[in-house]
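Model, not experiment: these values are computed from the prediction. To find a chain, count down the sequence lines: A is the first, B the second, and so on, and within it residues start at 1.
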Amino acid sequence: MSDLDLAGEEGARDFIRDIVRADLRDGRVGGVVTRFPPEPNGYLHLGHAKAICIDFGIAEEFGGRCNLRMDDTNPTKEEHEYIDSIQQDVRWLGFDWGDRLCYASDYFEQLYEWAEHLIREGKAYVDDLSADEIREYRGTLTEPGRNSPFRDRPVEENLELFRRMRKGEFADGSRVLRARIDMASGNINLRDPVLYRILHASHPRTGDAWCIYPTYDYAHGQSDAIEGVTHSLCTLEFEDHRPLYDWFIANLPVPSRPRQIEFSRLNVSHTIVSKRRLLQLVREGLVSGWDDPRMPTLRGMRRRGFPPEALRDFVRRVGVTKSENLIEVAYLEACVREVLNKRAERRMAVLNPLKLVIENYPEDQVETLTAVNNPEDEGAGTREVPFSRVLYIERDDFMEDPPKKFFRLSPGAEVRLRYAYFVKCTGVVKDAAGNVTELRCTYDPATRGGDSPDGRKVKATLHWVSAAHAVDAEVRLYETLFRNPVPGAGGDFLADLNPDSLKVLEGCKVEPALAEAKLGQALQFERQGYFCLDPDSGPGRPVFNRTVALRDTWAKEKAKG
RNA sequence: UGGGGCGUAGCCAAGCGGUAAGGCAGCGGGUUUUGGUCCCGCCAUCCCAGGUUCGAAUCCUGGCGCCCCAGCCA
């Protein structure tokens, strides 16, 4: 059975894959070619991740190929910096375009020749109307437009004018080349769309070779045709453009006939992906930069510790349809946890330390205990953790006056210290203000390793760190950037910023093994969440980002009251 | 009084005339040296109204609701 058959039998099913499958089966296409066409004017984000997974994923599944194409038709907005970052991000997500890094700008000459072809056929003309006049002549959603007074210029005059446009004889905005279609069309895209505008701007790749640049509508489909793209997948807002896309393909001597198919874009709750708004967050210093771990950019999510396979799985599970959607951010988090649960090595880290002294434990004794690195993965092995008389435990793991369902430590209660011993709380030390500053406990030497020979049960297991061996660390806890499911729904999106989106914890006490944490390594701080080392870390002073918290049913129980 | 889409559970989403998959969330229970993981169970009659049919989420008609389009942006 070939890969192709396999895709047909067992591959994911959605309306696009159904179309591709049918096109292959009926011989309308010999193979599958797609493309991911970002405009190099910003960083890739979660929304792009969906498109990337679909474009590259479908090509891969059907044994085809996917080109990475920079849609660089507007030199006033594009920068070289983005051409590099886009490639890094697509690669990080897990896709490869081989040697097929393409640029719409590579087709400028061909596109120009085809424009002359349209002029010769009487299907395009140079219009001297100003931008404002063109808008006025275009009509409205409910009223037809009017023909431009320049619409019926003779072919020769159009040709001459267009060539002079290219030579740079005219000022920006003074003339455009338009397709001659139908000013009365109900579809506004067909009311003589602009093909070329004059822009005396230098292009990141073509420099000053051109002063006229093709518009998206004119360039996109023809670029697809040149590359032999069979299925040009894009988002719903381009659905209205498809008749125009098809018109160019039908009226130009292009080498192939690509087909555009639209799907709905990804919307995730408590998140924004608008380039303008993301930029505003960066510019106003509301986040630390494009790679702030709270940002929905691929760079941000990478720094946050989201595994690329979790993102791919998320896109796969969310599906491909044409319906408007708002995916709960919890779904994304679930995908992240699923991958990290299998991969992350466990460690003990006390984020909010409370000193615990074991009164009956020998003053200078230090024991080395063995801890499992990952109960989900035998191969991850074990590590050694030092234990001694003075420890730190999590403040939240002690309550002086606990409610019935609180299983953790409280006066008189006995709990297990993970991998170590059972301890019983025998006393509480407080400062003048009445705050608990230290716990006094006794331990049961017979419970070494965490099991009691007499079968005694304990209702909680706490993580801990030996005070003398602890490594100090900074830990950054993140929540969604916005507290509203749809930021800005009430007008101002900045008003919806979540004041608790970042919480910096200093003076955290982590086990010695964490001093060796490596960038990019997935970690689980037991009972708390998944974490990763941040590049801000210094020698001997690690900084950890919380990727996502562990599911917390106790927190839910507490919330119920 | 324009054109193009979409409407199945709290959120996604299968379903393509034969009697509503699955995931996330939620709820209940079991296992557990992470209140994690894992396991089990519960959780919808398909926007509305007519019609066709033995039989409709699926077909037809008419409504209603929501989204997109008037850049020389993509």
Side-chain angles (χ1 to χ4, degrees), chain A residues 13-14 18 37-39 41 71 73-74 76-78 127 129-131 134-136 138-145 172-178 184-191 193-199 212-213 215-217 219-220 234-243 262 264 269 275 314 317-335 337-338 341-342 346 348 371-372 375-376 405-408 415-420 422 447 449-451 458-463 485 524-530 549-558:
Chain A
R13 295 209 85 105
D14 56 60
D18 284 345
E39 182 187 13
N41 72 342
D71 219 337
T73 57
N74 187 347
T76 65
K77 301 195 163 186
E78 295 148 12
D127 196 345
L129 253 28
S130 69
I134 286 181
R135 185 181 319 117
E136 196 186 316
R138 186 153 34 225
T140 69
L141 293 177
T142 52
E143 300 156 16
D172 285 6
S174 59
R175 279 176 236 265
V176 292
L177 183 72
R178 290 231 255 172
S185 174
N187 182 342
I188 290 180
N189 294 301
L190 262 21
R191 319 239 265 229
V194 172
L195 273 49
Y196 273 91
R197 67 290 215 190
I198 301 173
L199 252 24
I212 58 172
Y213 291 92
T215 56
Y216 163 86
D217 279 316
H220 203 91
C234 63
T235 45
L236 247 31
E237 63 269 29
F238 293 102
E239 207 155 20
D240 286 343
H241 295 241
R242 190 175 356 118
E262 313 83 12
S264 60
S269 74
K275 217 164 275 176
F314 174 61
R317 294 215 256 180
V318 141
V320 184
T321 68
K322 296 183 76 138
S323 36
E324 218 40 68
N325 59 72
L326 180 64
I327 316 290
E328 289 167 347
V329 70
Y331 204 175
L332 209 207
E333 292 171 348
C335 293
R337 285 194 195 99
E338 190 172 300
N341 176 49
K342 293 279 185 273
R346 274 57 171 174
M348 293 198 284
V372 172
E376 304 291 321
K405 288 179 174 171
F406 186 81
F407 305 147
R408 282 110 95 147
V415 299
R416 172 170 37 234
L417 293 180
R418 177 140 237 222
Y419 299 122
F422 283 13
T447 57
D451 282 308
V458 101
K459 292 182 83 175
T461 300
L462 309 188
H463 60 278
Q524 182 195 105
F525 290 177
E526 293 215 32
R527 306 206 300 135
Q528 307 198 98
Y530 296 98
L550 246 30
R551 191 171 275 110
D552 188 351
T553 50
W554 166 239
K556 277 181 212 158
E557 193 64 42
K558 262 196 310 192

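Side-chain N/O atoms of T73(A) include one lying less than 4.0 angstrom from OP1 or OP2 on A74(B). The phosphate of G36(B) has OP1 or OP2 within less than 4.0 Å of a side-chain N or O from T553(A).
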For this session: Indicate for each nucleotide in nucleotides 20-31 of chain B, in 5' to 3' sequence, whether protein heavy atoms under 4.0 Å reach the base (B), only the sugar-phosphate (S), or nothing (-).
Result: ---BBSSSS---
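Distance noted for atom C1' between C12(B) and U61(B): 31 Å (whole Å).
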Pull out every protein N or O sitting under 3.5 Å from an N or O of nucleotides 65-68 of chain B, one pair per line with the distance.
from   : atom 1 : to      : atom 2 : distance (Å)
C67(B) : O2'    : E324(A) : OE1    : 3.4

Pairs under 3.5 angstrom, nitrogen or oxygen only, protein versus nucleotides 40-48 of chain B, please.
none

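If you check distances only, the side chain of E376(A) does reach the base of G36(B) with a donor-acceptor pair under 3.5 Å. Between the side chain of R408(A) and the base of G35(B) there is at least one donor-acceptor pair of N/O atoms closer than 3.5 Å.
For the pair Y216(A) and A74(B), the ring geometry does not qualify as stacking, because the centroid separation below 5.5 Å and plane angle under 30° are not jointly satisfied.
Side-chain proximity of L326(A) to U34(B), G36(B), C12(B): nearest is C12(B). Of the candidates A74(B), A70(B), C72(B), the closest approach to any side-chain atom of N74(A) belongs to A74(B). Taking the side chain of E239(A) as heavy atoms from C-beta on, and the options C12(B), G5(B), C72(B), the nearest nucleotide is G5(B). The side chain of R197(A) has C73(B) as its nearest neighbour among C16(B), C73(B), G35(B). Looking at the side chain of R138(A), the nearest of the listed nucleotides G71(B), G3(B), A14(B) is G71(B).
Because its glycosidic torsion is within 90° of 0, G71(B) is reported here as syn.
Every residue two or more places apart in sequence or in another chain that forms a salt bridge (charged side-chain N to carboxylate O under 4.0 Å, His left out) with R317(A) is listed here: D313(A), E338(A). Not a single side-chain hydrogen bond (donor to acceptor under 3.5 Å, both in side chains) links T447(A) to another residue, sequence neighbours left out. Among residues two or more places apart in sequence or in another chain, the salt bridge (charged side-chain N to carboxylate O under 4.0 Å, His left out) test is passed with K322(A) by E239(A), E262(A).
Under the Watson-Crick or G-U wobble criterion, with both distances below 3.5 Å, C66(B) is paired with G5(B).
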